[in-house]
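Here the structure is a predicted model, which means the values were calculated and not measured. Along the sequence shown, residues carry numbers from 1.
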Amino acid sequence: MPLPPYPGLWGPAAGPVGGEEPRQRLHPLSPALHGAKSLVVVIAGLSWSTLSRVGFGWFAVLVTVFVLGATVLSVVSWWNTGYHLVGRELRVHEGLLWRRTRAIPLERLQAVEVVRPLLAQLTGLAELRLEVVGGGKTEAPLAYLSVAEATALRQRLLAVAGRSGPAPAPAAEPGLPAVPAPEGRRLHTVRNQDLLVSQLLTPQAFLLPLGLVFVGAQFLSEDSWSFIAVASTLTAMAGVVLQPIRRVLDDWSFRLDRDDGTLRVHNGLLETRVQTVPLHRVQTVRATWPLLWRMKGWLRLRLEVAGYSAGEPDDRNRPDRLLPVGDADTGARVVAEVLPGVRLDALPATPPPARARWLRPLSRKVVGAGLDDRVFVARSGLLTRRLTLVPYARIQSVRVTRGPVQRLLRLATVHADTAGGAGAAAVDRDLADAWALAAELTERSRAARRTDR
């Protein structure tokens, strides 16, 4: 019997039961991409010392055996991996020796992103990653799907997560190609030229010439020549240089769209990402003005999303990018889209009392806090200015803390905690004002949550 064409099932792992959708498998090329990753790991693991001891022939045999083994495991894993929607849950079935089924409640869904590493771009595939409340890491990365299927599945998951009724109809009938979702309304596109200039206006860029001069002096001076010294210097320089380079590669062709109640972020050069964040999941918005950027009037905007995996070793997996670089007008327009009614250039923030100078002799005047009609405002930073906006409805708890020196000066710090973890803090407030601020924050957060419900 001939197999049905992809994206239908290639021999379904489970047929529909009681009206459930059939279990879908990943793209048939998924084992090949996983095998390619294994090839790099195997070659790096065997190392050149193994090549020198056994010779090229046996080294090639070892590599072939390991790659074939990894490919067979990838094919078996692909055969046993599937997913389908059951009500308001996404169920993912996987496992080789031990079968496992994960049920992901979609009402806890925080963000969905479509990631396309370099190999996936070359083969027309994509990886779907999910973030849920309380997840210790990215949930159920479905690697790999066709781009159209990943886009359609992302739209379905977000639609189910944002409604209380039954799940919407499937995006396409089995055997028919999925239709990509519309792009939505364009909010802003960052010029790559501005992205490059912004990374040149960093301390790393200014320290790089000094490092080059030092390394050159090491090579030219026979008395101070030391392989270890030069190697360690080059390693340190590589760490300094790679950080801005990675930021440029990650934020290349950055554009921000809004699709109904969600934000859609497109970015990346070698690895493209399409991150989708529901606006009602946004906990805080942070604006940053680095020292050297202020002469061009530039700022950076970041998001904090509830439940997103703070423990991820790679911060690129977090959907926190809102505006990598932009002017004041662009920043104000983007903030108004995320937090309607909030004006970035007209936010109240009063500094701590004069006696707080004993704790903050230089930064007392730039530190402050205030209450806007819709958000709690906290500012900080001397060289790099920071402004944090917390919607009242996202405040989970309010705390008042006092250190030993604060007790002597009758000062206190008020913390507004969010589900995202960081929140915001009004530091070194007068003790009576701190308790009044805490009480007002508590009352406003309760009122805002009642309004949201």
Side-chain angles (χ1 to χ4, degrees), residues 110-111 113 183-202 243-259 261-269 271-306 308 315-347 372 374-375 377-381 384-391 394 418 420 422 424:
Q110 303 298 325
E113 61 176 327
E183 287 299 313
R185 178 166 56 91
R186 180 62 45 84
L187 297 182
H188 183 65
T189 300
V190 175
R191 295 196 311 162
N192 292 327
Q193 179 183 349
D194 292 344
L195 191 63
L196 290 170
V197 173
S198 70
Q199 294 307 310
L200 292 176
L201 296 177
T202 58
Q243 183 178 3
I245 291 178
R246 192 186 73 169
R247 288 177 178 172
V248 170
L249 294 178
D250 288 346
D251 292 329
W252 192 261
S253 298
F254 183 96
R255 62 184 189 272
L256 181 67
D257 298 331
R258 177 165 179 174
D259 186 6
T262 62
L263 287 177
R264 189 175 300 167
V265 179
H266 306 250
N267 61 294
L269 180 60
E271 180 178 89
T272 63
R273 292 171 180 262
V274 181
Q275 296 176 328
T276 304
V277 181
L279 284 173
H280 66 278
R281 304 291 190 184
V282 174
Q283 304 296 297
T284 63
V285 175
R286 302 182 187 277
T288 305
W289 290 264
L291 177 63
L292 298 177
W293 288 19
R294 294 207 292 270
M295 63 183 181
K296 295 184 70 66
W298 285 350
L299 76 161
R300 177 192 304 124
L301 294 176
R302 290 288 187 265
L303 291 173
E304 183 180 277
V305 182
Y308 215 89
D315 59 0
R316 291 178 295 177
N317 292 337
R318 303 171 192 165
D320 62 347
R321 288 170 173 80
L322 186 56
L323 182 66
V325 59
D327 56 26
D329 292 338
T330 301
R333 188 172 68 253
V334 172
V335 168
E337 290 283 347
V338 180
L339 302 174
V342 175
R343 293 183 54 191
L344 190 61
D345 57 349
L347 294 171
D372 185 67
R374 295 172 176 81
V375 295
V377 182
R379 69 184 186 193
S380 61
T384 298
R385 304 287 174 81
R386 298 180 181 85
L387 186 68
T388 304
L389 310 177
V390 183
R394 305 294 172 250
T418 63

Self-check item: Test side chain to side chain contact (heavy atoms under 4.5 Å, CB included) applied to T288 - qualifying residues, sequence neighbours left out
Solution: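 Testing T288 for side chain to side chain contact (heavy atoms under 4.5 Å, CB included), a comparison that skips the adjacent residues, returns P290, R300, T384, R386.
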Practice problem: Calculate, to the nearest 0.5 Å, the distance between atoms OG1 and CG belonging to T202 and L291 respectively. | Solution: 11.5 Å
Tell me, please, which residues at least two apart from [X] pass side-chain hydrogen bond (donor to acceptor under 3.5 Å, both in side chains).
{"X": "R286", "answer": "E304, T388"}
{"X": "D372", "answer": "none"}
{"X": "R294", "answer": "none"}
{"X": "D327", "answer": "T330"}

Self-check item: Result of checking H188, R185, R186 against D257 for side-chain contact (heavy atoms from CB on, under 4.5 Å)
Solution: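 Among the candidates, only R186 passes.
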Quiz item: Checking side-chain contact (heavy atoms from CB on, under 4.5 Å) against W252, which of L196, N267, T272, V190 comes through?
Solution: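 The side-chain contact (heavy atoms from CB on, under 4.5 Å) with W252 is passed solely by L196 among L196, N267, T272, V190.
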For [Y], does its backbone N or O pair with a side-chain atom of [X] as donor and acceptor, under 3.5 Å?
{"X": "D320", "Y": "R302", "value": "no"}
{"X": "R264", "Y": "V274", "value": "no"}
{"X": "W293", "Y": "S198", "value": "yes"}

Practice problem: Tell me, please, which residues at least two apart from D194 pass salt bridge (charged side-chain N to carboxylate O under 4.0 Å, His left out). | Solution: R191
